Amino acid sequence: MPQFVIAPPPQAVVPVTGRDAVFPVRRIYCVGRNYAAHARELGNDAREPPFFFQKPADAVVASGSTIAYPPATQDLHHEVELVLAIGVGGVDIAPGAARAHVFGVAVGIDLTRRDLQNAAKAARRPWECAKAFDASAPVGAIVEWPATARLPTSGRITLDVNGVRRQDGNIADMTWGCAEIITELSMLFRLEPGDLIFTGTPAGVGPISRGDTVVGEIEGVGSVTLRVN
Ligand code: MN
């Protein structure tokens, strides 16, 4: 082991339901516009191929946390998403082989500074400031997915703000399914254990204000709760 000249940063982790051991986060990948209705609400063609962006691993926030309203935005948005937790790495993974690479699944919220994203799009600039800011990736506990079970292909996905439903979709409506996402992503990057993949959000994205409580849920997967101060 090398000696570090400064204290090494802590390993980002996500709890695993029913386990004392936790899931170490290496990278966070996100899919853009993966539900036709959400793509339309942002003014895009529903049938374009998947594209990806990243958030830093230490943007992960545990369910039940309170975060500070982020700086430099007047329009913080929620995007509830199914999250895949990679347990086995690989490249050029065929859709039929994708299942074996997934350790578990969770519910996440892809927090977005929408005003900065719109400005970035208009100026043809990167999305980092809109998507990859501190505490931008709340994730609920990971549910280990049985080796014999297929990756989720359906299940209601919802998000409530202060008890009012904002997003209500079904992961069956993802343009690119879990296996296809793993295939496409693994053709661009070597997936490694510890990678998280946010798979896109259904329609109904909208603003979060200071004092709000946000709850995301996916039928058969779990939930994530966040408070914003
Ligand atoms: Mn998203």
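Since this is a predicted model, take the numbers as computed values, not measurements.
Side chain of His101 to main chain of Val88: a donor-acceptor pair is present (N/O by atom type, distance under 3.5 Å, no hydrogens or angles). In this structure, the side chain of Thr183 engages the main chain of Ala179 through a donor-acceptor pair within 3.5 Å. Of the possible polar contacts, one joining the Tyr69 side chain to the Leu76 backbone as a donor-acceptor pair under 3.5 Å is found. Judged by distance alone, the side chain of Arg27 and the main-chain N or O of Leu191 form no donor-acceptor pair under 3.5 Å. Of the possible donor and acceptor atoms, one in the side chain of Asn162 sits under 3.5 Å from a partner among the backbone N and O of Thr213. Formation of a donor-acceptor pair under 3.5 Å by the Gln167 side chain with backbone atoms of Val80 is found in this model. Of the possible donor and acceptor atoms, none in the side chain of Arg227 sits under 3.5 Å from a partner among the backbone N and O of Val214. Remark: side-chain polar atoms of Glu219 are paired, donor with acceptor, to backbone N or O of Arg156 under 3.5 angstrom. One N or O on the side chain of Asp212 and one on the backbone of Ser209 form a donor-acceptor pair closer than 3.5 Å.
The hydrophobic cluster containing Tyr35 also contains Val107, counting ILVMFWY residues as joined when their side-chain heavy atoms lie under 4.5 angstrom apart, directly or transitively. Residues Val16 and Val14 are members of one and the same hydrophobic cluster, defined by side-chain heavy-atom contacts under 4.5 angstrom among Ile, Leu, Val, Met, Phe, Trp and Tyr. The cluster map of Ile, Leu, Val, Met, Phe, Trp and Tyr, joined by side-chain heavy atoms under 4.5 Å apart, puts Ile93 and Leu196 in different clusters. Note: the hydrophobic cluster containing Ile171 does not contain Val205 (ILVMFWY, side chain heavy atoms under 4.5 Å, direct or indirect links). If you chain together hydrophobic residues whose side chains sit under 4.5 Å apart, Ile86 and Phe23 never meet in one group.
Salt-bridge annotation for Arg165 and Asp160: present, with a side-chain N of the basic residue lying under 4.0 Å from a carboxylate O of the acidic one. A salt bridge between Asp110 and Lys131 is present, with a side-chain N of the basic residue lying under 4.0 Å from a carboxylate O of the acidic one. Under the 4.0 Å criterion applied to side-chain N and carboxylate O atoms, Asp75 and Arg113 are not assigned as salt-bridge partners. For the pair Lys55 and Glu128, the salt-bridge criterion is not met [side-chain N within less than 4.0 Å of a carboxylate O].
Of all heavy-atom pairs spanning Ala137 and Phe198, the tightest one is CB-CZ, 4.0 Å. Taking each heavy atom of Phe133 and Ala59 in turn, the nearest pair found is O-CB, 3.8 Å. Across Val143 and Val221, no two heavy atoms sit closer than the pair CG2-O, 3.0 Å. In terms of heavy atoms, Leu226 sits closest to Pro138 at CD2-CG, 3.8 Å. The two residues Arg190 and Asp195 have their closest heavy-atom pair at O-OD2, 4.2 Å. In terms of heavy-atom proximity, Cys178 sits nearest to Leu151 at CB-CD1, 3.9 Å.
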Applying salt bridge (Lys or Arg N to Asp or Glu O under 4.0 Å) to Arg19 and Glu144, what does each step give before you reach the verdict? CA-CA 10 Å; Arg19 297 278 293 267; Glu144 285 184 77; 2.8 Å; yes
Determine, step by step, whether Glu217 and Ile157 satisfy the side-chain contact (heavy atoms from CB on, under 4.5 Å) criterion, reporting the C-alpha distance in whole Å, the side-chain angles of both residues, the deciding distance to 0.1 Å, and the verdict. CA-CA 6 Å; Glu217 279 190 76; Ile157 177 169; over 6 Å; no
Verify side-chain hydrogen bond (donor to acceptor under 3.5 Å, both in side chains) between Asp115 and Thr73, making sure each step is shown before the conclusion. CA-CA 7 Å; Asp115 43 0; Thr73 185; 2.6 Å; yes
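Ser186 contributes atom OG, which lies 11.5 Å from atom CD of Glu192 (distance to the nearest 0.5 angstrom). Expressed to the nearest 0.5 Å, how far CD1 of Ile218 lies from CG of Leu82 amounts to 4.5 Å. Here Ile181 contributes atom CD1 and Cys30 contributes atom SG; the two are 11.0 Å apart, rounded to the nearest 0.5 Å. The distance from the CD atom of Gln117 to the CG atom of Leu42 is 7.0 Å, given to the nearest 0.5 Å. Atom CG of residue Asn34 and atom OG1 of residue Thr175 lie 5.0 Å apart, to the nearest 0.5 angstrom. Here the CG-OG distance, from Leu159 to Ser223, works out to 11.0 Å after rounding to the nearest 0.5 Å.
The side-chain contact (heavy atoms from CB on, under 4.5 Å) test with Glu79 singles out one residue from Ile109, Thr201, Leu111, and that residue is Thr201.
Two residues are said to be in side-chain contact when any heavy atoms from C-beta on lie closer than 4.5 Å; Ile67 and Asn229 fail this criterion. Taking the side chain as every heavy atom from C-beta outward, Leu84 and Thr199 approach each other to under 4.5 Å. The shortest side-chain heavy-atom distance between Pro152 and Trp145 falls under the 4.5 Å cut-off. Side-chain atoms of Pro9 and Asp58, non-hydrogen and from C-beta on, never get closer than 4.5 Å to each other. Using a 4.5 Å cut-off on side-chain heavy atoms (C-beta onward), Val60 and Ile28 make contact. Side-chain contact between Leu188 and Phe52 is present, with at least one heavy-atom pair separated by less than 4.5 Å. Residues Ile197 and Ile182 form a side-chain contact, since some pair of their non-hydrogen atoms from C-beta on lies under 4.5 Å apart.
Less than 6.0 angstrom separates the ring centroid of Phe189 from the ring centroid of Tyr29.
Judged by a 6.0 Å distance limit and a 45° cone about the ring axis, Arg33 is not positioned over the six-membered ring of Phe51.
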